[in-house]
2 protein chains.
Amino acid sequence: MITIYDIAKKANVSAMTVSRVINNSGKISDATRQRVKQVMEELHYVPNSNARSLVLQKTHIISLLITDITNPFYTTLARGAEDTAKRLGYKLLFGNSDENYAKEKDYVDMILSTRVDGVLFAPTGDGSAAHLQQLQKHNMPLVLLDREVPGIQADTVLGDSKEGARRLVEHLLSLGHRRIALINGSEDVSTARQRHVGYKEALKLNDVPYDEALVLYANYREIQNETALSQLLHLPDPPTAIFAANNFLAIGAIQGLRAQGLQVPDDMSVVCFDDLGLASALNPFLTVAAQPAYQFGSLGMQWLIDRIEGRSQDEPRTIILPSELIVRSSAAKLKS
Amino acid sequence: MITIYDIAKKANVSAMTVSRVINNSGKISDATRQRVKQVMEELHYVPNSNARSLVLQKTHIISLLITDITNPFYTTLARGAEDTAKRLGYKLLFGNSDENYAKEKDYVDMILSTRVDGVLFAPTGDGSAAHLQQLQKHNMPLVLLDREVPGIQADTVLGDSKEGARRLVEHLLSLGHRRIALINGSEDVSTARQRHVGYKEALKLNDVPYDEALVLYANYREIQNETALSQLLHLPDPPTAIFAANNFLAIGAIQGLRAQGLQVPDDMSVVCFDDLGLASALNPFLTVAAQPAYQFGSLGMQWLIDRIEGRSQDEPRTIILPSELIVRSSAAKLKS
DNA sequence: CTGAAAGCGCTAACAC
DNA sequence: GTGTTAGCGCTTTCAG
């Protein structure tokens, strides 16, 4: 491997001079600078960033951990994070925890041993607390994305789960629905709890009784959920509309309904949190509360780099990004 | 930062002994091993992989460069790559070139300076040759994904662009269409050229004349393509069906058609390469040649690690993974 | 079984 | 302007 010493020897200077040329630091005569640069070209020299990191105690790598790489919400978020990282001179070490605590733990170990400069972390759920504490014990700069974790203080970029849920449910109410089911993510996840709260609030504000039988806790990735669904459908007084707490749950519900011969929105209205990317472009069908996914990533990355570079106060900040209600055709007026 | 020396001192051994405990190498008495392990726990020690990489000349990081993180084909591929990397003990440094040569070059520089162990590379197009040569000059293990690049010899995992295109077009022919447009990716990209060849082959085999006016070269990411589309529609003898060379082009075409008040498949049949992920789950509409995206990633990663660990012959291998024709409802019988 | 010395490639601090 | 020295945290080699 070519090192600065190889360059130094061939250019008749010391390694230090080469280092200075590479980093544009210190004063160097134009003559030697040119000579060194030329030798570097000739030998196709590329600096070894491991060696650099070792001495500088800085990797210029930021780790991004998301929970589902196939979900457009997270890929758009990743793009935002990546664009911003790149613009500010950082590389992205990317990980996908698959909503799985064991995988998440593996990534945390890796993050620590790689000595990345900071972590953008979308937690799997409340059980991520241990992993986050581990990071904090090592003073790893940290920004939480999309979900909060009880007991963890850190900069956090959240969506307006409660508010968004309230508006989705009020939309259904305005269409005349009174029996509205909630198919939710795991109770272990802050967004699921908040969406539940928003759901209840909307009902209460509109004097619609809350019925626990209409509320299901599932898992944000569970596309298929036949049993849960037929449970709902076989209620004495079944729902006429479904609020799915995220895009995958909505798709699962719609597939399930179709399997039972039911059509959306004719036989059942469906709305959900998170837009669908391509799917909505092709077929603007689902009524959703769309979150500014790109901004989650770009703002989170911005905050993280602020912290890494010491531009943040000590107090952790939290922001709640608003979602946008996009009314399409998956929810219709209740037939009387 | 806690180092092996801190551990060593506290455990009354030498750094070397600590290193041996960490790596399970050499012979160590159970007593000292236990003692060292306990101290490591107490101090929350995590090895510094930069220091390790520096001496071992191995990072256990593999770089994956894709061209579009919002395309389900690539995210599924990424998942395959990631799962396999993780299983085999490698980390993934992830990059997104956005079908952009300048971004691609930046990533190549980064890859080189990070001294990753190898690169899984989905090239932007023929212009990637310079970047690939740069990698090869540095003996960087390399596997090409999805696209070939003239002049570059390397292990390559490809889809059956020609064959898949032929089958899609023959499907349209079997429905009675004779005027079939091709909306293609850039001529600079091997898959686009191959899909063009397959298109021509299908026509020839079925004695349908080839008309250059029906063939458009665009860009795989160009969702909107109004001018190109109206050009086609205003032909003296306009097409009755469109073969879009990938999923995004198909969606762009369908949106464009709708903007003109045309319905798919009633007024125009549309088929394309690559499935749509969520979109197809929600609404199985587009007739496509679906590629085994996950396998692109997992097989490519497997091959790459084989090479990194010296388990490959010198000869570069190429595999062509078959696609699957999935007939849905976006293409219909030609009305006579 | 355990330790001391040297070096991976680079840069900060200090000479000259 | 440029060079020397030392050390970042770790492992290899060779002694004991």
Side-chain angles (χ1 to χ4, degrees), chain A residues 1-37 39-40 43-61 109-117 138-140, chain B residues 1-37 39-40 43-61 109-117 138-140:
Chain A
M1 194 190 296
I2 310 280
T3 74
I4 46 171
Y5 288 96
D6 300 319
I7 310 292
K9 200 192 298 178
K10 194 153 181 197
N12 273 315
V13 292
S14 73
M16 205 44 231
T17 302
V18 178
S19 169
R20 283 195 262 256
V21 171
I22 294 168
N23 297 292
N24 268 314
S25 60
K27 310 251 159 256
I28 294 187
S29 77
D30 259 14
T32 48
R33 161 170 285 116
Q34 288 317 317
R35 192 151 31 95
V36 169
K37 282 204 161 171
V39 176
M40 292 199 309
L43 269 46
H44 305 296
Y45 171 75
V46 182
N48 181 326
S49 48
N50 286 118
R52 230 163 180 223
S53 302
L54 191 57
V55 36
L56 296 179
Q57 308 278 29
K58 185 137 176 54
T59 57
H60 276 274
I61 295 178
D109 288 343
M110 183 192 104
I111 283 164
L112 251 14
S113 78
T114 308
R115 299 295 194 267
V116 299
D117 293 347
H138 287 268
N139 297 312
M140 180 66 71
Chain B
M1 193 190 296
I2 311 280
T3 74
I4 47 172
Y5 288 96
D6 301 317
I7 311 292
K9 201 191 298 179
K10 194 153 180 195
N12 274 314
V13 292
S14 73
M16 204 43 233
T17 302
V18 178
S19 169
R20 282 194 263 255
V21 170
I22 294 168
N23 297 291
N24 269 313
S25 59
K27 311 251 159 255
I28 294 186
S29 75
D30 260 11
T32 49
R33 161 170 285 117
Q34 288 317 317
R35 192 152 31 96
V36 169
K37 284 204 161 171
V39 176
M40 293 200 308
L43 270 45
H44 306 295
Y45 172 75
V46 182
N48 181 324
S49 49
N50 287 118
R52 222 156 188 232
S53 301
L54 191 57
V55 34
L56 295 180
Q57 309 277 28
K58 184 138 178 51
T59 57
H60 276 276
I61 295 179
D109 288 343
M110 180 192 105
I111 283 164
L112 252 12
S113 78
T114 308
R115 301 293 195 269
V116 299
D117 293 347
H138 288 269
N139 296 312
M140 180 66 73

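For DNA chain D, none of the residues of residues 25-37 of chain B falls under the heavy-atom distance limit of 4.0 Å. Of all the residues in residues 46-53 of chain A, A:Pro47, A:Asn48, A:Ala51, A:Arg52 reach under 4.0 Å from DNA chain C with at least one non-hydrogen atom. Contacts between residues 7-21 of chain A and DNA chain D, counted as heavy-atom distances below 4.0 Å, involve A:Val13, A:Ser14, A:Met16, A:Thr17, A:Arg20.
Backbone-only engagement by B:Leu56 is indicated by non-hydrogen atom pairs under 4.0 Å involving sugar-phosphate atoms exclusively.
Under the salt bridge (charged side-chain N to carboxylate O under 4.0 Å, His left out) criterion, A:Lys37 pairs with no residue, sequence neighbours left out. B:Thr59 pairs by the side-chain hydrogen bond (donor to acceptor under 3.5 Å, both in side chains) definition with B:Asp117, not counting sequence neighbours.
Rounded to 10 degrees, the angle separating the terminal axes of the helix from C:dC1-D:dG16 to C:dC16-D:dG1 is 40°, with each axis obtained from five end pairs.
Taking each heavy atom of B:Leu112 and B:Met140 in turn, the nearest pair found is CD1-CE, 3.9 Å. For the pair A:Val116 and A:Ile61, the tightest heavy-atom approach, listed with the atom from each and the gap, is CB-O, 3.4 Å.
In summary, contact between chain A and DNA chain C, defined as any nucleotide atom under 4.0 Å from a heavy atom of the protein, begins and ends at C:dG9 to C:dA13 in the 5' to 3' direction. First and last contacting nucleotides of DNA chain D toward chain B (any atom under 4.0 angstrom from a heavy atom, 5' to 3' order): D:dG9 to D:dT12.
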Please tabulate, for the side chains in residues 45-52 of chain B, all donor-acceptor contacts under 3.5 angstrom to protein atoms that are two or more places apart in sequence or on a different chain.
{"residue": "B:Asn48", "atom": "OD1", "partner": "B:Asn50", "partner atom": "N", "Å": "2.8"}
{"residue": "B:Asn48", "atom": "OD1", "partner": "B:Ala51", "partner atom": "N", "Å": "3.1"}
{"residue": "B:Ser49", "atom": "OG", "partner": "A:Ser113", "partner atom": "O", "Å": "2.5"}
{"residue": "B:Ser49", "atom": "OG", "partner": "A:Thr114", "partner atom": "N", "Å": "3.4"}
{"residue": "B:Arg52", "atom": "NH2", "partner": "B:Asn23", "partner atom": "OD1", "Å": "2.2"}

Using distance only, find each side-chain donor-acceptor pair of residues 6-20 of chain B under 3.5 Å and give its atom names and separation, not counting sequence neighbours.
{"residue": "B:Asp6", "atom": "OD2", "partner": "B:Thr3", "partner atom": "N", "Å": "2.7"}
{"residue": "B:Lys10", "atom": "NZ", "partner": "B:Glu42", "partner atom": "OE1", "Å": "3.2"}
{"residue": "B:Ser14", "atom": "OG", "partner": "B:Met16", "partner atom": "N", "Å": "3.3"}
{"residue": "B:Ser14", "atom": "OG", "partner": "B:Thr17", "partner atom": "N", "Å": "3.3"}
{"residue": "B:Ser14", "atom": "OG", "partner": "B:Thr17", "partner atom": "OG1", "Å": "3.3"}

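Between atom OG1 of residue B:Thr32 and atom CG of residue B:Asp30 there is a gap of 8.0 Å, rounded to the nearest 0.5 Å. The line from CZ of B:Arg115 to CG of B:Leu54 is 10.0 Å long, rounded to the nearest 0.5 Å.
Between the side chain of A:His138 and the backbone N or O of B:His44 there is at least one donor-acceptor pair closer than 3.5 Å.
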